[in-house]
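See below for the structure under consideration.
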Amino acid sequence: MKVIGIVGWKNTGKTGLTERLVTHFSGQGLRVATLKHAHKDFEVDAAGTDSHRHRMAGAGQVIVASATRIAHIQELHGAPERSLDDLLGMLGPADLVLIEGWKGAAHPKIETVLGAGSEEPLARRDPTILAVASNVAPDVPCAVLPIDDTGAIAAFIAREVGL
């Protein structure tokens, strides 16, 4: 499985870049999967839906399936957070996995940096960051790509992961 991460400090364009890359690569006919790390409790099913009612009744796992999609919700009930490797193992076949978050993990990454007054780029101390996508020219020991040039970023990713 080919994986690349999109990391950066809060509000630096990670989700927008990830979304544009999904559109780009899936538009080329590739099967793209994403993993997104959340730092807080989140809901994926709306209150009052059957799946939500099942979870609220105590189900540890709920799968909702139709002819067009499957959703698997698992409550951890205090168990440790699943590792990135565990989550990658849960994915079906994919040509490329874009991982948003998990900046401390060891997979190859692209960092997003916006503005000259941003926090110190992670790339200065993280050798797994292969490039920085930015609207400025940060002083980093890796490639710097224009954050708005999705094609250039996608070409860089394709070369790096061997697509």
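In this text the structure is predicted, and so the values were computed from the model without any measurement. Residue numbers run from 1 in the order of the sequence given.
Here the side chains of Val7 and Thr112 are not in contact, with every heavy-atom distance at 4.5 Å or above. Contact annotation: the side chain of Cys142 never approaches that of Leu130 to less than 4.5 Å [non-hydrogen atoms, C-beta and beyond]. Between Ser51 and Val62, some side-chain heavy-atom pair lies under the 4.5 Å cut-off. The closest side-chain heavy-atom distance from Ile4 to His107 is not below 4.5 Å. Side-chain contact between Glu160 and Pro108: absent, with no pair of heavy atoms (C-beta onward) separated by less than 4.5 Å. Residues Gln61 and His72 are in side-chain contact: their nearest non-hydrogen atoms beyond the backbone lie under 4.5 Å apart. With contacts defined as side-chain heavy-atom distances shorter than 4.5 Å, the pair Gln74/Arg82 qualifies. You'll find the side chain of Ile110 stays beyond 4.5 Å of the side chain of Ile129, heavy atoms only.
Leu30 and Val3 fall into different hydrophobic clusters, where Ile, Leu, Val, Met, Phe, Trp and Tyr residues are linked whenever their side-chain heavy atoms come under 4.5 Å apart, directly or through other members. Residues Met1 and Leu98 do not share a hydrophobic cluster, defined by chaining ILVMFWY side chains whose heavy atoms lie under 4.5 Å apart. Note on Val97: it does not cluster hydrophobically with Ile157, by side-chain heavy-atom contacts below 4.5 Å among ILVMFWY residues. Under the 4.5 Å side-chain heavy-atom criterion for grouping Ile, Leu, Val, Met, Phe, Trp and Tyr, Trp102 is not connected to Leu122 through any hydrophobic cluster.
The minimum heavy-atom distance linking Lys2 with Val161 is given by the pair CD-O, 3.0 Å. Here the shortest heavy-atom pairing between Pro127 and Arg125 reads CD-O, 3.6 Å. When all heavy atoms of Ile147 and Thr12 are compared, the pair lying nearest together is CD1-O, 3.8 Å. For Phe156 against Ala143, the heavy-atom pair with the smallest separation is CE1-CB, 4.1 Å. Residues Ala123 and Val132 share a closest heavy-atom pair of CB-CG2, 3.8 Å. Across Thr128 and Ala106, no two heavy atoms sit closer than the pair CG2-O, 3.6 Å.
Atom CG in Leu35 sits 12.5 Å away from atom CD1 in Ile6 (nearest 0.5 Å). Here OG1 of Thr49 is found 9.0 Å from CZ of Arg53. Values are rounded to the nearest 0.5 Å. Taking CG from Asn11 and CD from Glu119, the interatomic distance works out to 11.0 Å, rounded to the nearest 0.5 Å.
A donor-acceptor contact closer than 3.5 angstrom links the side chains of His37 and Glu81.
Of the candidates Lys36, Lys109, Lys14, Lys36 is the only one forming a salt bridge (Lys or Arg N to Asp or Glu O under 4.0 Å) with Glu100.
Distance alone, capped at 3.5 Å, is enough to place a donor-acceptor pair between the Ser26 side chain and the Val22 backbone.
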Subject >> Verdict with supporting geometry, Phe25 and Leu163, side-chain contact (heavy atoms from CB on, under 4.5 Å) >> reply: CA-CA 10 Å; Phe25 286 117; Leu163 283 177; 3.9 Å; yes

**OP:** Start with the C-alpha distance between Ile63 and Ile70, add both sets of side-chain angles, then the distance that settles side-chain contact (heavy atoms from CB on, under 4.5 Å), and finish with yes or no.
**Re:** CA-CA 7 Å; Ile63 294 177; Ile70 298 169; 3.8 Å; yes

Distance-only donor-acceptor pairs under 3.5 Å for side chains of residues 85-96, two or more places apart:
from	atom 1	to	atom 2	distance (Å)
Asp86	OD2	Ser83	OG	3.4
Asp95	OD1	Arg31	NH2	3.2
Asp95	OD2	Arg31	N	2.7

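Applying the side chain to side chain donor-acceptor pair (under 3.5 Å) test to residues at least two apart or on different chains, the pairs with a partner in residues 131-151 are Arg20-Thr150.
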